[in-house]
Amino acid sequence: MRKEGARWRGRFCILNAARAFSIPSVGGEGRIGYITAKRVGGAVQRNRARRLMREAIRALAAADELPPGWDLVLIAQNAIVADDAGMAQVKDEIRWLLKKVNQANPAEPAKPATNR
RNA sequence: CGAGUUCGCUGGGCGGCCGCACGUUGUGCGCAAGCAAAGCGUGAGGAAAGUCCGGACUCCCCAGGGCGCAGUGCUGGCUAACGGCCAGGCGGUGAAAGCCGACGGAAAGUGCAACAGAAAAUAAACCGCCGUGGCUUUGGCUGCGGUAAGGGUGAAAAGGUGCGGCAAGAGCGCACCGGCGGCGCAGUGAUGCGUUGGCCUGGUAAACCCCACUGGGAGCAAUGCCGAAAAGCGCGGUUGACGCGGCCCGCCGACGCGCAGGUAGGCAGCACGGAUCGCAAGAUCCGAAGGUGCGUGGCAACGCGCAUCGCAGAUAGAUGGUCGCCGCCGGGUGGAGUAAUUCACACGGUACAGAAUCCGGCUUAUAGGCGAGCUCGAACA
């Protein structure tokens with residue numbers, strides 16, 4: 001992901017995105033990973049950050065706002081805990097980051113996922 | 001009521017909507033492993049934390065003894081065990097309730113003690129005091145001897161105070177006090193009390209050391225089992241290339257079968273165990289760790305008996321997100337009341353912190369709240 005994907009930085013988290021077929025996958029396409037490093041805080045803070053990001057993605061998926069064919073990695077930033085962000089703020093930011101993903105790499109014809 | 005102190009408890013609640021993990025039930029799909037959606041049940045803490053002690057459990061090592069190393073260190077008890085807890089003793093501290101203490105040994109040995117001071121440990125004479133000799137310009141100077149009472153130094157100076165005694169002094173003698181030893185009494189004991197003796201041996205052991213007691217090593221990433229893919233080895237001789245190549249044979253590859261190793265990964269450990277019945281799902285019974293309640297023994301820690309429950313198991317790590325209402329705390333504004341107080345409104349805050357094999361402790365973090373005991377002070381009756 002780090003090599004292949006693009007990367008955008010927000011206030012609460014960093015988004016890494018790569019075409020799902022660019023990396024051989026086992027679990028199918030549209031995978032999402034969350035990174036909450038120790039710099040974010042203790043176990044309580046890291047759990048909080050991960051839950052917020054996961055809940056935001058779930059809400060976006062329910063509203064069908066996730067672009068298909070992308071693998072995503074979300075990296076929590078200090079501010080997500082330090083600034084006491086709510087789920088709505090995190091969701092807005094991820095939506096904004098996803099828009100940038102689409103602008104930078106528009107409408108490629110979806111190739112079939114290269115599942116070995 | 002105020003100030004202090006000890007012990008114990010608690011550490012948000014309710015409801016929508018949308019989710020997560022595990023278990024389980026029947027259903028659907030699938031040859032199967034399994035995968036789906038649905039129902040039901042369960043789902044973080046007093047510290048889950050630090051990983052500082054002690055156990056359970058697992059593997060490795062293991063004749064017996066010694067040396068070494070590490071830990072503990074008043075006494076008695078509790079406990080599976082402990083460096084933990086309870087009770088007691090002693091010392092320190094506080095006006096008291098209380099709090100604090102690695103609290104064995106310094107007459108086994110070795111070492112160490114800056115600065116100051118004459119001297120810091122087989123005592124010691126700087127000033128001073130006393131005796132005596134010499135010199136003398138009659139102010140003193142000086143030799144020898146005695147002396148630890150006084151001065152001064154220091155964290156610490158060879159028991160303390162008083163009286164006697166003496167040339168001056170000194171446990172030199174006596175009284176009281178302190179310390180040490182013996183004896184008696186009380187106590188399981190630490191120790192306390194009494195009595196007696198000679199007249200006394202400085203500090204430091206979280207310095208080496210001595211004494212007593214305890215301790216094999218490593219840890220759930222322990223350990224056991226299964227085990228891809230790729231590579232490897234063996235066999236087969238269906239097939240292809242090469243060796244003059246049609247057959248045999250050799251060799252290389254494909255294909256098929258097998259093999260060990262044990263990587264990725266998975267399962268067990270690990271989320272109670274066992275027995276009986278049943279094809280199974282499950283049902284019934286018995287019992288453990290542990291929780292709760294009652295009774296009981298003990299000052300207490302804790303033990304015993306009965307009843308009842310017997311309770312999270314993720315694997316980059318589930319136990320949540322969001323909205324509304326309420327509670328609690330804080331100061332503010334306004335109203336009521338002599339006042340304590342109380343009502344309303346908006347605002348701000350609501351901690352520390354997230355299981356990872358499981359228990360018993362310790363330590364540290366923590367907004368706020370509740371209960372009980374004790375001490376001192378003030379006021380009232």
Side-chain angles (χ1 to χ4, degrees):
Chain A
M1 290 290 295
R2 291 270 168 109
K3 258 189 199 166
E4 302 282 336
R7 176 174 218 183
W8 288 272
R9 181 187 290 270
R11 193 156 78 90
F12 300 129
C13 56
I14 297 172
L15 176 67
N16 263 5
R19 284 286 174 190
F21 47 76
S22 64
I23 298 169
S25 72
V26 227
E29 61 182 80
R31 294 166 301 166
I32 299 167
Y34 307 92
I35 297 177
T36 49
K38 275 203 173 162
R39 50 183 298 196
V40 174
V44 172
Q45 285 72 34
R46 296 167 67 197
N47 277 344
R48 167 78 180 168
R50 195 180 324 109
R51 283 163 179 164
L52 280 173
M53 293 193 295
R54 192 181 288 156
E55 194 64 20
I57 287 289
R58 199 176 65 83
L60 290 170
D64 208 21
E65 292 191 58
L66 285 183
W70 289 90
D71 282 342
L72 305 173
V73 169
L74 286 162
I75 304 169
Q77 297 278 83
N78 287 352
I80 197 169
V81 171
D83 296 359
D84 201 21
M87 198 273 279
Q89 291 172 270
V90 177
K91 192 170 93 176
D92 288 345
E93 178 169 296
I94 292 175
R95 186 188 286 125
W96 172 68
L97 288 168
L98 286 172
K99 214 165 74 184
K100 288 183 140 185
V101 170
N102 267 336
Q103 283 172 355
N105 201 343
E108 229 172 88
K111 288 188 252 168
T114 55
N115 283 5
R116 266 174 304 141

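Just the heavy atoms: all of them, side chains too, but no hydrogens, waters or symmetry mates, feed the values below. Below, read A as the first sequence line, B as the second, and so on, with proteins coming before strands; counting in each chain starts at 1.
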Undergrad: Could you check which residues of residues 49-66 of chain A get a heavy atom under 4.0 Å from RNA chain B? Sort them by number, please.
TA: A:Arg50, A:Arg51, A:Leu52, A:Arg54, A:Glu55, A:Arg58
Undergrad: Expressed as a whole number of Å, how far does the C1' atom of B:U72 sit from that of B:C103?
TA: 14 Å
Undergrad: Between B:G198 and B:A157, how far is it from one C1' atom to the other, in whole Å?
TA: 25 Å
Undergrad: Going by a 90° cut-off around 0, is B:G66 syn or anti?
TA: anti
Undergrad: According to the Watson-Crick and G-U wobble definitions, with both distances under 3.5 Å, which nucleotide is paired to B:C252?
TA: B:G240
Undergrad: For B:A301, what is the paired nucleotide under Watson-Crick or G-U wobble rules, both distances under 3.5 Å?
TA: none
Undergrad: Under 4.0 angstrom, heavy atoms only, what part of the nucleic acid is A:Arg48 near: base, sugar-phosphate, or nothing?
TA: sugar-phosphate
Undergrad: For B:A123, which nucleotide in any strand shown is its Watson-Crick or wobble partner with both distances under 3.5 Å?
TA: none
Undergrad: Suppose you measure atom C1' in B:U357 against the same atom in B:G105; what distance do you get, rounded to whole Å?
TA: 45 Å
Undergrad: Quickly work out the A:Tyr34 OH to B:G19 C1' distance and round it to whole Å.
TA: 12 Å
Undergrad: Where each residue is assigned the nucleotide of RNA chain B containing its nearest heavy atom, which of A:Gln45 and A:Gly86 is assigned the position nearer the 5′ end?
TA: A:Gly86
Undergrad: Between B:C376 and B:C74, how far is it from one C1' atom to the other, in whole Å?
TA: 33 Å
Undergrad: To the nearest Å, give me how far apart NZ (A:Lys91) and C1' (B:U322) are.
TA: 10 Å
Undergrad: In Å and rounded to the nearest 0.5 Å, what is the CZ to CD1 distance from A:Arg54 to A:Ile32?
TA: 10.5 Å
Undergrad: Using the side chain to side chain contact (heavy atoms under 4.5 Å, CB included) definition, which of the options A:Val90, A:Leu98, A:Leu74 pairs with A:Ile57?
TA: A:Leu74
Undergrad: If you take all heavy atoms of A:Gly86 and A:Leu52, which pair is closest and at what distance?
TA: C-CD2, 4.2 Å
Undergrad: Distance between the C1' atoms of B:G282 and B:A289, in whole angstroms?
TA: 27 Å
Undergrad: For B:A44, does the O4'-C1'-N9-C4 or O4'-C1'-N1-C2 angle fall within 90° of 0, making it syn, or is it anti?
TA: syn
Undergrad: Anti or syn, where syn is a glycosidic angle within 90° of 0; which label fits B:G261?
TA: anti
Undergrad: If you assign each of A:Ala85 and A:Asn47 to its closest nucleotide in RNA chain B, which residue comes earlier from the 5' end?
TA: A:Ala85
Undergrad: Tell me which nucleotide, if any, is Watson-Crick or G-U wobble paired with B:A340 when both distances must be under 3.5 Å.
TA: none
Undergrad: Would you say A:Glu55's side chain and A:Met87's backbone share a donor-acceptor pair under 3.5 angstrom?
TA: no
Undergrad: Can you spot which of A:Val101, A:Ile94, A:Leu15 makes a side chain to side chain contact (heavy atoms under 4.5 Å, CB included) with A:Leu72?
TA: A:Leu15
Undergrad: Apply the test side chain to side chain contact (heavy atoms under 4.5 Å, CB included) to residues A:Ile80 and A:Met53: give CA-CA distance (whole Å), side-chain angles for both, the deciding distance (0.1 Å), then the verdict.
TA: CA-CA 9 Å; A:Ile80 197 169; A:Met53 293 193 295; 4.0 Å; yes
Undergrad: Under a 3.5 Å cut-off for both distances, is B:C306 Watson-Crick or wobble paired, and to whom?
TA: B:G293
Undergrad: Please measure how far the C1' atom in B:G219 lies from the corresponding atom in B:G55, and state the result in whole Å.
TA: 15 Å
Undergrad: Sort out the partner of B:C129 for me: Watson-Crick or G-U wobble, both distances under 3.5 Å, none otherwise.
TA: B:G146
Undergrad: Is the base of B:G46 syn or anti, if syn means a glycosidic angle within 90° of 0?
TA: syn
Undergrad: If you round to the nearest 0.5 Å, how far is NZ of A:Lys100 from CH2 of A:Trp8?
TA: 8.5 Å
Undergrad: Mark yes or no for whether A:Gln45, through its side chain, and A:Gly42, through its backbone, hold a donor-acceptor pair below 3.5 Å.
TA: yes
Undergrad: Looking at B:U5, which nucleotide sits across from it as a Watson-Crick or G-U wobble partner, both distances under 3.5 angstrom, or is there none?
TA: B:G373
Undergrad: Using Watson-Crick or G-U wobble geometry with both distances under 3.5 Å, which nucleotide pairs with B:C17?
TA: B:G321
Undergrad: A:Ile35 CD1 to B:A316 C1': how many Å, rounded?
TA: 10 Å
Undergrad: Provide, to the nearest angstrom, the distance between the CG atom belonging to A:Asp84 and the C1' atom belonging to B:A351.
TA: 14 Å
Undergrad: Considering only the P atoms, how many Å lie between B:U364 and B:U322, rounded to the nearest integer?
TA: 36 Å
Undergrad: On a whole-Å scale, what distance lies between the C1' atoms belonging to B:U42 and B:U6?
TA: 41 Å
Undergrad: Contact between A:Arg50 and A:Val40 at the side-chain level, heavy atoms closer than 4.5 Å - yes or no?
TA: no
